Q: 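Following this message is one structure expressed as structure tokens.
This one's a predicted model, so the numbers in the text were calculated from it and none came from an experiment.
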Amino acid sequence: MAFHKALKDLNLLDRFLFAEAMEDPVIMQTILEIILGKDILLKYPPQAEKEELIELLRYIEHTTEEVSSSCRSGKIRELQCRIAMIKSSEEIGVKYMQEWEEKVIEQRRAREEGMEEGQAIGRAEGQEYQLFRMIRRKMLKGCEAEGIADILEEDLNHVGNIYDFLKTKMEQTEEESWAEWTRAKNQKK
């Protein structure tokens, strides 16, 4: 099962916590004010320093009480208080667990689909290999393409393609000619 962080251990780089935080208008306003370097409700020159943006980025990377308390910006400390409320919210905790469970279910479903697809490809390749082997063996006994197709009850065009390929490969081992056949088929795709 995939690694799963507890809600209280998330930082703002975690998509879930960031999305929840951005739903809070005060948090969004505060982050925008720090990024823009000015109070977004006012129209006078920027009041925030680049240092505040650097503190914000450090806080986003390490969303902890320790980092926020070391920041000079009161806005970042306010962010931490509001983020702490999100992290301690039972309702948000349930939502986080549901989202995580949905992600695990989706991963499991995707893995199962991949396995089914891989098995189907494997079965088809196995059937193709069996046909390849039988055609080669019939050729060793001197049979022609039409007779082989008739005996094996297979499509003459398909048998003919394999037959024509094998005509110049009969000195090779079965494994060598099969490997070359599959390489040639994959190059056509």
Q: More than 12 foreign heavy atoms under 6.0 Å from CZ of Phe18: is that the case here?
A: no
Q: Less than 3.5 Å apart, any donor N or O on the side chain of Arg82 or Thr30 sitting next to an acceptor on the other?
A: no
Q: Begin from the C-alpha positions of Gln29 and Glu33 and carry the test side-chain hydrogen bond (donor to acceptor under 3.5 Å, both in side chains) through to its verdict.
A: CA-CA 6 Å; Gln29 178 181 340; Glu33 286 175 351; 2.9 Å; yes
Q: Can you confirm whether Glu171 is buried at CD, in the sense that more than 12 heavy atoms of other residues, nucleotides or ligands lie under 6.0 Å from that atom?
A: no
Q: Classify the ring geometry between Trp181 and Phe132 as parallel (under 30°), tilted (30 to 60°) or perpendicular (over 60°).
A: tilted
Q: Going by side chain to side chain donor-acceptor pair (under 3.5 Å), name the residues that satisfy it together with Glu61, two or more places apart in sequence or in a different chain.
A: none
Q: My understanding is that only residues two or more places apart in sequence, or in another chain, count here; which of them pass salt bridge (charged side-chain N to carboxylate O under 4.0 Å, His left out) with Glu90?
A: none
Q: Name all residues meeting the salt bridge (charged side-chain N to carboxylate O under 4.0 Å, His left out) criterion together with Lys103; count only those two or more places apart in sequence or in a different chain, and write none if there are none.
A: none
Q: CG of Leu56 to OG of Ser68: how many Å apart, nearest 0.5 Å?
A: 12.0 Å
Q: Any donor-acceptor pair under 3.5 Å linking the side chain of Asn186 with the backbone of Arg183?
A: no
Q: Could you measure the distance from the CD atom of Glu91 to the CD atom of Glu20? Nearest 0.5 Å is fine.
A: 8.5 Å
Q: Would you compute the distance between atom CG of Leu17 and atom NZ of Lys5 and round it to the nearest 0.5 angstrom?
A: 9.5 Å
Q: Verify side-chain hydrogen bond (donor to acceptor under 3.5 Å, both in side chains) between Arg77 and Gln80, making sure each step is shown before the conclusion.
A: CA-CA 5 Å; Arg77 287 190 296 278; Gln80 175 58 32; over 6 Å; no
Q: In chain order, what residues pass the salt bridge (charged side-chain N to carboxylate O under 4.0 Å, His left out) check against Arg123, with sequence neighbours excluded?
A: none
Q: To the nearest 0.5 angstrom, please state how far the CZ atom of Arg108 sits from the CD atom of Glu101.
A: 10.0 Å
Q: What distance separates Ile60 CD1 from Ile83 CD1, expressed to the nearest 0.5 Å?
A: 9.5 Å
Q: Quick check against the 3.5 Å criterion: does Glu176 have a side-chain atom that pairs as donor or acceptor with the backbone of Thr173?
A: yes
Q: Could you check whether any side-chain N or O of Lys87 sits under 3.5 Å from a backbone N or O of Asp9, counting only pairs where one atom can act as donor and the other as acceptor?
A: no
Q: For Tyr96, what residues pass the ring-ring contact (aromatic ring centres under 6.0 Å, His included) criterion, not counting sequence neighbours?
A: His4, Phe16
Q: Any idea which heavy atoms bring Ser70 and Arg58 closest together, and the distance?
A: OG-NH2, 2.6 Å
Q: Minimum heavy-atom separation for Leu156 to Ala145, with atom names?
A: CD1-O, 3.8 Å
Q: Can you tell me how far the CD1 atom of Ile162 sits from the OG atom of Ser177, to the nearest 0.5 Å?
A: 10.5 Å
Q: Is it true that Glu106 and Arg109 have a side-chain N and a carboxylate O under 4.0 angstrom from each other?
A: yes
Q: Can you give me the closest heavy-atom contact between Gln172 and Glu180, atom names plus distance?
A: NE2-OE1, 2.9 Å
Q: Does any pair with a residue in residues 144-168 pass salt bridge (charged side-chain N to carboxylate O under 4.0 Å, His left out), and if so which ones, sequence neighbours excluded?
A: Asp164-Lys167
